[in-house]
Protein chains: 2
Amino acid sequence: MRPNNYFIEYIRSAGLCPTRQRIALAKLLFQGDDRHVTAEELYNEALSEKMKVSLATVYNTLHQFTEAGMLREISVDTNRSYFDTNTRKHHHFYFEKDGKLGDIPDGMISIGKLPEAPNGTKIKCIDVVVTITDSNNDY
Amino acid sequence: MRPNNYFIEYIRSAGLCPTRQRIALAKLLFQGDDRHVTAEELYNEALSEKMKVSLATVYNTLHQFTEAGMLREISVDTNRSYFDTNTRKHHHFYFEKDGKLGDIPDGMISIGKLPEAPNGTKIKCIDVVVTITDSNNDY
DNA sequence: GTCAATGTTTAGAATAGTTCTAAATTACAT
DNA sequence: ATGTAATTTAGAACTATTCTAAACATTGAC
Ligand SMILES: [Mn+2]
Ligand SMILES: [Mn+2]
Ligand SMILES: [Zn+2]
Ligand SMILES: [Zn+2]
């Protein structure tokens, strides 16, 4: 159970004002284990904890935290964005059935040599997604 | 320049009726080199070739072709779906600047051993996306 | 060929996730 | 405390996509 101050300092050190909403959302995000959330999920958690925060603020905050390197945004499903509290290098399982993401520990997957990025560009990131499907839809 | 009949047979062999719209879209998709298109792009191509087809049909057709294994759907950007005419195993560059995809030939990347899929599930596919960014946004 | 049955297309409405707007509120340096 | 800049908010707007249900095309039997 981290002290309130931990979150305030974390937000401040990212160059953002530690507002009531940002502190509360940071608590939901960074209190426990690493997680993969959608905006809507986080908003609903906030509501059920009786927090006073708007959906727009949840979106703003998720993007600001991402911009600040506290979160990573992941595109696996074209319908919703996922935000990952684990910003270390790692890859993902995508469980199609329930729309959940799971981490694949780094080292579990190795990437061979890559073609060079064209001149004037550079590789920003490499994302591996292993999509998991229910095995009983294959007859 | 493939004959009309080629497309008709291709569509038929996928278990779909070779309708005027499906034939014309198949021509746009499978006439030349492999491509990565969005629904909107394909629709605009169709319009500029004076084809009579609706956007809903473009979406329907892309999904039916995907279902039938003629296309592969790719999620790199949460705002739009890409459809790939190359259904062989291969991975992608994503050029963030212009929203274009490029193929990474298979063999260029190697994936190490993976954790097992949980019981009752199986691995559907493994997708690697190498995001390329303009190198001048890094000071 | 005709015809019925089934499959397909379509325009436009609807949906859903996300972003925008501009007014109200809050944070914080002085 | 006060003023200024940053933040939040409700709701409207936006955009990609899907749905609806009526019109139309394709197919296979005759
Ligand atoms: Mn975003
Ligand atoms: Mn789709
Ligand atoms: Zn993760
Ligand atoms: Zn491809």
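The analysis underlying the following values was restricted to heavy atoms, covering all of them including side chains, and did not include hydrogens, waters or symmetry mates. Numbered from 1 within each chain, the chains take letters A, B, ... in sequence-line order. Quick caveat: nothing in here was measured; it's all calculated off a predicted structure.
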**OP:** Check ring-ring contact (aromatic ring centres under 6.0 Å, His included) between A:Tyr59 and all other residues, then give those that pass, not counting sequence neighbours.
**Re:** none
Subject >> Pairing residues for B:His92 by the ring-ring contact (aromatic ring centres under 6.0 Å, His included) criterion, not counting sequence neighbours >> reply: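 For B:His92, the residues satisfying ring-ring contact (aromatic ring centres under 6.0 Å, His included) (neighbours in sequence not counted) are B:His36, B:His90.
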Subject >> Below 4.0 Å: OP1/OP2 of C:dA27 and any side-chain N or O of A:Arg12 >> reply: no
Original post:
OP1 or OP2 of D:dT18 sitting under 4.0 Å from any side-chain N/O of B:His63?
Top reply: yes
What is the distance from [atom1] of [X] to [atom2] of [N], rounded to the nearest Å?
{"X": "B:Asp77", "N": "C:dT18", "atom1": "CG", "atom2": "P", "answer": "12 Å"}
{"X": "A:Glu73", "N": "C:dT18", "atom1": "CD", "atom2": "P", "answer": "8 Å"}
{"X": "B:Tyr43", "N": "D:dT15", "atom1": "OH", "atom2": "C1'", "answer": "15 Å"}
{"X": "A:Leu16", "N": "D:dA5", "atom1": "CG", "atom2": "C1'", "answer": "15 Å"}
{"X": "A:Asn60", "N": "C:dT19", "atom1": "CG", "atom2": "P", "answer": "9 Å"}

**OP:** Determine yes or no for a side-chain-to-main-chain donor-acceptor pair under 3.5 angstrom, with A:Asp103 supplying the side chain and A:Pro105 the backbone.
**Re:** no
[X]: which residues meet the side chain to side chain contact (heavy atoms under 4.5 Å, CB included) condition with it, sequence neighbours left out?
{"X": "B:Glu9", "result": "B:Asn5, B:Arg12"}
{"X": "A:Ser13", "result": "A:Tyr10"}
{"X": "A:Ser54", "result": "A:Ala56, A:Thr57"}

Between atom [atom1] of [X] and atom [atom2] of [Y], what is the distance when rounded to the nearest 0.5 Å?
{"X": "A:Phe83", "Y": "A:Leu71", "atom1": "CZ", "atom2": "CG", "result": "7.5 Å"}
{"X": "B:Thr121", "Y": "A:Asp134", "atom1": "OG1", "atom2": "CG", "result": "7.5 Å"}
{"X": "A:Tyr94", "Y": "A:Ile74", "atom1": "OH", "atom2": "CD1", "result": "12.0 Å"}

Exercise answer: donor-acceptor pairs, residues 15-26 of chain B side-chain atoms, under 3.5 Å, sequence neighbours excluded:
unit_1	atom_1	unit_2	atom_2	d
B:Thr19	OG1	B:Arg22	N	3.2
B:Arg22	NE	B:Cys17	O	3.0
B:Arg22	NH1	B:Gln64	OE1	2.8
B:Arg22	NH2	B:Cys17	O	3.4

Subject >> Members of residues 17-29 of chain A that approach DNA chain D, where some heavy atom sits under 4.0 Å away >> reply: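 Within this stretch, A:Cys17, A:Thr19, A:Gln21, A:Arg22 sit under 4.0 Å of the strand.
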Atom pairs, N/O to N/O, protein against nucleotides 14-17 of chain C, distance under 3.5 Å?
unit_1	atom_1	unit_2	atom_2	d
C:dG17	O3'	A:Asn79	O	3.2

**OP:** Name the closest nucleotide to the B:Thr57 side chain, picking from D:dT18, D:dT9, C:dT10.
**Re:** C:dT10
Subject >> Degree of bending in the helix from C:dG1-D:dC30 to C:dT30-D:dA1 once both end axes are built from five pairs, to 10° >> reply: 30°
**OP:** Could you list who else is in A:Ile123's hydrophobic cluster, with ILVMFWY side chains joined at under 4.5 Å, directly or through other members?
**Re:**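 Grouped by the 4.5 Å side-chain rule, A:Phe93, A:Phe95, A:Ile104, A:Met108, A:Ile109, A:Ile111, A:Leu114, A:Ile126, A:Val128, A:Val130, A:Ile132, B:Phe93, B:Phe95, B:Ile104, B:Met108, B:Ile109, B:Ile111, B:Leu114, B:Ile123, B:Ile126, B:Val128, B:Val130, B:Ile132 form the rest of the cluster around A:Ile123.
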Original post:
Using a heavy-atom distance cut-off of less than 4.0 Å, which residues of residues 47-55 of chain B contact DNA chain C?
Top reply: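 Under 4.0 Å from DNA chain C: B:Lys52, B:Val53, B:Ser54.
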Subject >> Contact list for residues 37-52 of chain A, test side-chain hydrogen bond (donor to acceptor under 3.5 Å, both in side chains), sequence neighbours left out >> reply: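 Pairs touching residues 37-52 of chain A that pass the test: A:Arg35-A:Glu45.
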Original post:
Using 4.0 Å as the upper bound for N to carboxylate O, is an ion pair formed by B:Lys89 and B:Asp127?
Top reply: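 No, this pair does not count.
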